Protein chains: 2
Amino acid sequence: MRKRLEPEACRAWQLLMKFYFVQRRHLPEWAARFGLSHVQCHVLHLMEPGQPLPMSHLADTLSCDASNVTGLVDRLEARGLVERRPAPADRRVKVLALTATGARLRDEMLRHMTGDPLPLSSLAPEERRALVKMLERLVGEGEER
Amino acid sequence: MRKRLEPEACRAWQLLMKFYFVQRRHLPEWAARFGLSHVQCHVLHLMEPGQPLPMSHLADTLSCDASNVTGLVDRLEARGLVERRPAPADRRVKVLALTATGARLRDEMLRHMTGDPLPLSSLAPEERRALVKMLERLVGEGEER
DNA sequence: TATTGTTATACTCTATAACTATA
DNA sequence: TATAGTTATAGAGTATAACAATA
């Protein structure tokens, strides 16, 4: 049952893993500038202003248990960034909406996303375009846009 | 104080962030096959058999507090994967070494790294090579090898 | 005095299981 | 009976601060 060795794939894997761990170290400190954890940062990133999401949608997107979302949203709500609202269609559901404060913070966060976290500047423009194309396929966004 | 907008960089940033979060979801379940958390997985990955590391080195590499490493190593040691040894040169230091069990598990883990975690197969060989080159620069391995 | 590692404490993220209220 | 969300509980990862042993 010996797998065929693919040195390039193996190397790519290791680099991606390293990339993941490098990000894993830096993303939390980046997020901390906004007083957020990296998960809270992700949640805020997912929430479009004026487009409330059911809690269950969040659990799906984050691939985590629903009980987890409860605490996550508790903390964001305690800070006044989001609010739970009843869903008229199904009274079991609660939808999550950005508050004005949350929308402002999200905006600030997105504006900072052009900047510093990764030395993207070390890539030439055409390389950056190639990277974008590959990443789109890797994260499964190839078709959607 | 308006920053110049760079659409490509911004898009790359967003994709990298998405990539990070996609990995963040999948890496733990991948690691769980070996009965490890993703951080434990990272520690094991860093430990070459026969090359013990001081605890402080681990804290540096993981960019975390030393107190954190204590607990991390406690759990790995409890499972018999690593062991603390006194360092003869400096008696304040403890070095960490893989046990035979730890070395076997690490080996198994590395063998699995060729495989499934990312749909790398969707990239053409020359794209994969280009990706490797870019990632090397992004994670700061450009010079070292 | 400074450094290595530990302990105590606290917070966030995570899951499982049992529960409520709806459907 | 099944689903959406909560609560209770537990464990892992993280940090800060105080500490012991050693340098």
Side-chain angles (χ1 to χ4, degrees), chain A residues 20-21 23-46 52-79 81-97, chain B residues 20-21 23-32 34-44 46 52-79 81-97:
Chain A
Y20 168 76
F21 281 111
Q23 287 314 92
R24 193 169 194 290
R25 290 209 297 277
H26 296 314
L27 227 138
E29 31 186 275
W30 184 78
R33 295 186 202 177
F34 310 103
L36 299 170
S37 76
H38 57 310
V39 179
Q40 292 171 341
C41 198
H42 192 201
V43 172
L44 229 56
H45 183 230
L46 292 171
L53 298 177
M55 311 260 298
S56 58
H57 178 90
L58 222 48
D60 287 347
T61 309
L62 300 174
S63 295
C64 71
D65 193 83
S67 64
N68 200 359
V69 175
T70 300
L72 210 47
V73 170
D74 281 350
R75 288 181 286 271
L76 286 170
E77 199 170 30
R79 290 197 39 202
L81 301 175
V82 301
E83 57 183 20
R84 287 169 164 99
R85 291 181 193 158
D90 184 338
R91 277 153 57 203
R92 288 174 305 181
V93 172
K94 288 173 194 166
V95 294
L96 224 62
Chain B
Y20 168 77
F21 281 111
Q23 286 313 93
R24 193 167 194 292
R25 291 210 297 276
H26 296 315
L27 227 137
E29 30 185 274
W30 183 78
F34 310 103
L36 299 170
S37 76
H38 56 311
V39 180
Q40 292 172 341
C41 200
H42 192 200
V43 172
L44 229 57
L46 292 171
L53 297 177
M55 312 259 299
S56 59
H57 178 90
L58 222 49
D60 287 347
T61 309
L62 300 174
S63 295
C64 71
D65 194 83
S67 64
N68 200 358
V69 175
T70 299
L72 211 47
V73 169
D74 281 350
R75 288 182 284 271
L76 286 170
E77 200 170 29
R79 290 196 40 200
L81 301 175
V82 302
E83 58 183 18
R84 288 168 164 98
R85 291 180 192 160
D90 184 338
R91 277 154 57 203
R92 290 173 305 182
V93 173
K94 288 173 193 165
V95 294
L96 224 62

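So that the names make sense, note that chain A is the first sequence line, chain B the second, and so on, each numbered from 1. None of these values were measured; they are calculated from a predicted model.
We find that NE2 of A:H38 is positioned 10 Å from C1' of D:dT14, with the value rounded to whole Å. Residue B:R85 contributes atom CZ, which lies 18 Å from atom C1' of C:dG5 at whole-angstrom precision. Atom CG in B:L72 sits roughly 15 Å away from atom C1' in C:dT6 (whole-Å rounding). Rounded to whole angstrom, the span from the CD atom of A:E77 across to the P atom of C:dT12 amounts to 15 Å. One atom, CD of A:Q40, and another, C1' of D:dT14, lie 14 Å apart when rounded to the nearest Å. Per the geometry, CG belonging to A:L58 stands 14 Å off C1' belonging to D:dA4, to the nearest Å. Atom-to-atom, CG of A:L53 to P of D:dG5 comes out at 11 Å; the value is rounded to the nearest Å.
In this structure B:A87 satisfies the side chain to side chain contact (heavy atoms under 4.5 Å, CB included) test together with B:V93, B:V95, sequence neighbours excluded. Partners of A:R91 by side chain to side chain contact (heavy atoms under 4.5 Å, CB included), not counting sequence neighbours: none found.
The side chain of B:R75 lies closest to D:dT14 when the candidates are D:dT14, D:dG5, C:dC13. Side-chain atoms of A:C64 lie closest to C:dA15 of the nucleotides C:dG5, D:dG13, C:dA15.
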Nucleotide by nucleotide, 5' to 3', does protein get under 4.0 Å of the base (B), only the sugar-phosphate (S), or neither (-) in nucleotides 18-23 of chain C, counting heavy atoms? ---BBS
Please enumerate all protein N or O atoms sitting under 3.5 Å from an N or O of nucleotides 6-9 of chain D, with distances to 0.1 Å.
unit_1	atom_1	unit_2	atom_2	d
D:dT6	OP1	A:R84	NE	2.8
D:dT6	OP1	A:R84	NH2	3.2
D:dT6	OP1	A:K94	NZ	3.3
D:dT6	OP2	A:T70	OG1	2.9

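The two atoms that bring B:Q40 and B:G35 nearest to each other are OE1-O, 4.3 Å, heavy atoms only.
Residues B:L81 and B:L36 are in side-chain contact: their nearest non-hydrogen atoms beyond the backbone lie under 4.5 Å apart.
For residues 67-78 of chain A, the pairs satisfying salt bridge (Lys or Arg N to Asp or Glu O under 4.0 Å) are A:D74-A:R84, A:E77-A:R84, with sequence neighbours left out.
For the atom pair NZ (B:K94) and CG (B:L96), the distance works out to 10.5 Å, reported to the nearest 0.5 Å. Interatomic distance, OG of A:S67 versus CG of A:L72, reported as 11.0 Å (0.5 Å rounding).
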If you look only at distance, which donor and acceptor atoms sit under 3.5 Å apart when one is on a side chain in residues 52-64 of chain B and the other is two or more places apart or in another chain?
unit_1	atom_1	unit_2	atom_2	d
B:H57	NE2	B:T61	OG1	3.4
B:T61	OG1	B:H57	O	2.9
B:S63	OG	A:R25	NE	2.8

